[in-house]
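To keep things clear, I will list the structure first and then write my remarks on it.
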Protein chains: 2
Amino acid sequence: MKTIEVDEELYRYIARQTQHIGESASEILRRLLGMTPLNGEETYLSAYPETEESPVAGFVQTVELSELLNSSELAAKESAIDRFMLILSSLYQANPDAFTNATEIKGRKRIYFARTEEELRATGNTTKPKPVPGTPYWVISNTNTGRKRNIVGLLMTAMGYSAEFIEQVCEKI
Amino acid sequence: MKTIEVDEELYRYIARQTQHIGESASEILRRLLGMTPLNGEETYLSAYPETEESPVAGFVQTVELSELLNSSELAAKESAIDRFMLILSSLYQANPDAFTNATEIKGRKRIYFARTEEELRATGNTTKPKPVPGTPYWVISNTNTGRKRNIVGLLMTAMGYSAEFIEQVCEKI
DNA sequence: GACGGGATCGCCGGGATAATTA
DNA sequence: TCTAATTATCCCGGCGATCCCG
C-alpha cells in the first residue's frame, strides 16, 4: 500500500462514492477511473516491501512489470513512442534507484536521459526531449523504433534485468 | 490535506497520468475524475452542491441508441453539428459513467470535453465550445465533419462499443 | 467573442530513411 | 575504403484553426 495526499474536498468526494460498507479508497477510485478491480492475487504483490533496495542482479522480474507486457494499457498505445514512454515510466516505478543509476547510458554524442529538457538539447541538434510521466526524467525522442528498443535494452541491462526479459519487453515497443 | 491509502498498481497508474512537472496527486485525480481544478476563485465552485452528480440524474433515458440511428429526430437535424450534439447527448444518457471516463480523449493540443467552457478555451485558440444538452459537459465545435466523426469514434471506443456499431453511428453524422 | 458551419490549408509529431561519423 | 553504429533530416499522416460561404 502507498499513501497519497488529497485535498479535503476531493477526499470527501471520494468518500461519498462509497457503494458498499467497507469499500476501500482503492476500490472506489478503481471503479471511478474505469480500471479493473483488484483481484486476490494482487494483494499478494504488495507483499513486496517497498523499501526493497534493488532487484538488480538479474533477479525478480517484478511481477508488476511482467504484467505490464500483456496489459491493455500497453496494448492501447497506438504509437511506438507511447509504448516507449509507458515502459520507461514503469521501469522507473519498479525501481527508482536502479533506474536513476541506469540513466547514464548514452550514444556517441547524445545523452539519452536528463533531469531537464535543456540538458538533452545541449548534446544534440534535434533531440526532441519529452518528459517521462511519473518521473523526474526527460528522454530524447528523435529516434527510430530500433533505437527506442536499443535505449530500453541498454537501460534495462544497466538495471540488471535478464536478457530474456529485456527481449520480451523490447519486442512490445 | 488528507492522506488515503491506495494499492501499488493504482499508485503507479496515477503517477503515470502526470501531465506537467510538479502536478500533485489531487490535481491529477481531479482531472481524471472530471472535477473542477482547485484554484483561487474556487468559491464559485462550491456553490454547486457536491452531491449534484449530473443535472440529468433522474431523467428516464428511454432513447435506445440503436433506435436513435433511424429516428426521425436524428434525420431531422440539418447540420453535422446538430447530429453530432444529439449523438453525444444520447451517449451520455445511455451510460453517464462510461461517458464520463471516456471524456478524457483529446487531440494533439486540444481537449475535446470539459465541464466548463473555460477549460476548453484554455487548450486551443478557437475551440468554439458548446454545451452538450442534458449533460454536464461541453464539447469543442471548431472542427470539420471528419473530426466530429473522429471524436465520436474515440469516445465510443473508450466507452466500449463495438467497432461495427461505432461505424454505423459515425456514418450518420 | 459574438454569425455559424465546416472545408481547406498550414503546422506538428512520429519515425523511416538518409546522412554522418567512428 | 568499407562497414557498423548513431544522428537528425525530412516525408507522411493527422490535428488545429483560419477563413470562406451560406
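Chain letters run A, B, ... following the sequence lines, proteins first and then strands; every chain starts at 1.
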Does a side-chain N-to-carboxylate-O contact under 4.0 Å join A:Glu117 and A:Arg121?
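Result for this pair is yes, salt bridge flagged.
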Rounding to an integer number of Å, can you tell me how far [X] [atom1] sits from [N] [atom2]?
X	N	atom1	atom2	value
B:Ile173	C:dA7	CD1	P	12 Å
B:Ile140	C:dG4	CD1	P	17 Å
B:Arg110	D:dG14	CZ	P	16 Å
B:Lys77	C:dG4	NZ	P	17 Å
B:Arg149	D:dG14	CZ	C1'	16 Å
A:Ile105	D:dT7	CD1	P	11 Å

Quickly, which of B:Glu104, B:Glu23, B:Glu119 forms a side chain to side chain donor-acceptor pair (under 3.5 Å) with B:Arg31? Name it, please.
B:Glu23
Tell me whether the OP1 or OP2 atom of D:dA17 has a side-chain N or O from B:Lys109 closer than 4.0 Å.
yes
D:dT18 phosphate, OP1 or OP2: any side-chain N/O from B:Asn125 under 4.0 angstrom?
yes
Less than 4.5 Å apart, side chain to side chain, heavy atoms only: is that true for B:Lys172 and B:Val169?
no
Search all heavy atoms of [X] against all heavy atoms of [Y] and return the closest pair with its distance.
X	Y	value
B:Gly124	B:Arg110	CA-CG, 4.3 Å
B:Thr100	B:Thr103	O-CB, 3.1 Å
A:Lys148	A:Thr143	NZ-O, 2.8 Å

Once you measure the plane-to-plane angle for A:Phe99 and A:Phe113, does it fall in the parallel (<30°), tilted (30-60°) or perpendicular (>60°) bin?
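A:Phe99 and A:Phe113: perpendicular rings.
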Reckon A:Tyr112 touches a base, only the sugar-phosphate, or nothing at all at heavy-atom distances under 4.0 Å?
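A:Tyr112: backbone/sugar contact only, no base atoms under 4.0 Å.
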Bend across the helix from C:dC3-D:dG22 to C:dA22-D:dT3, to 10°, with axes taken over 5 pairs at each end?
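Between the first-five-pair axis and the last-five-pair axis there is 20°.
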Assess the residue pair B:Arg149 and B:Val152 against the criterion (side chain to side chain contact (heavy atoms under 4.5 Å, CB included)); give the C-alpha distance rounded to whole Å, side-chain angles, the decisive distance to 0.1 Å, and a yes or no.
CA-CA 5 Å; B:Arg149 294 203 174 99; B:Val152 169; 5.9 Å; no
Within the supplied structure, the quantity of interest is the number of heavy atoms (other residues, nucleotides, ligands) at a distance under 6.0 Å from B:Glu118 CD; does it exceed 12?
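Yes, enclosed.
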Encode nucleotides 13-20 of chain C as B, S and - characters from 5' to 3', where the letter depends on protein heavy atoms closer than 4.0 Å: B to the base, S only to sugar-phosphate, - to neither.
SBBBB--B
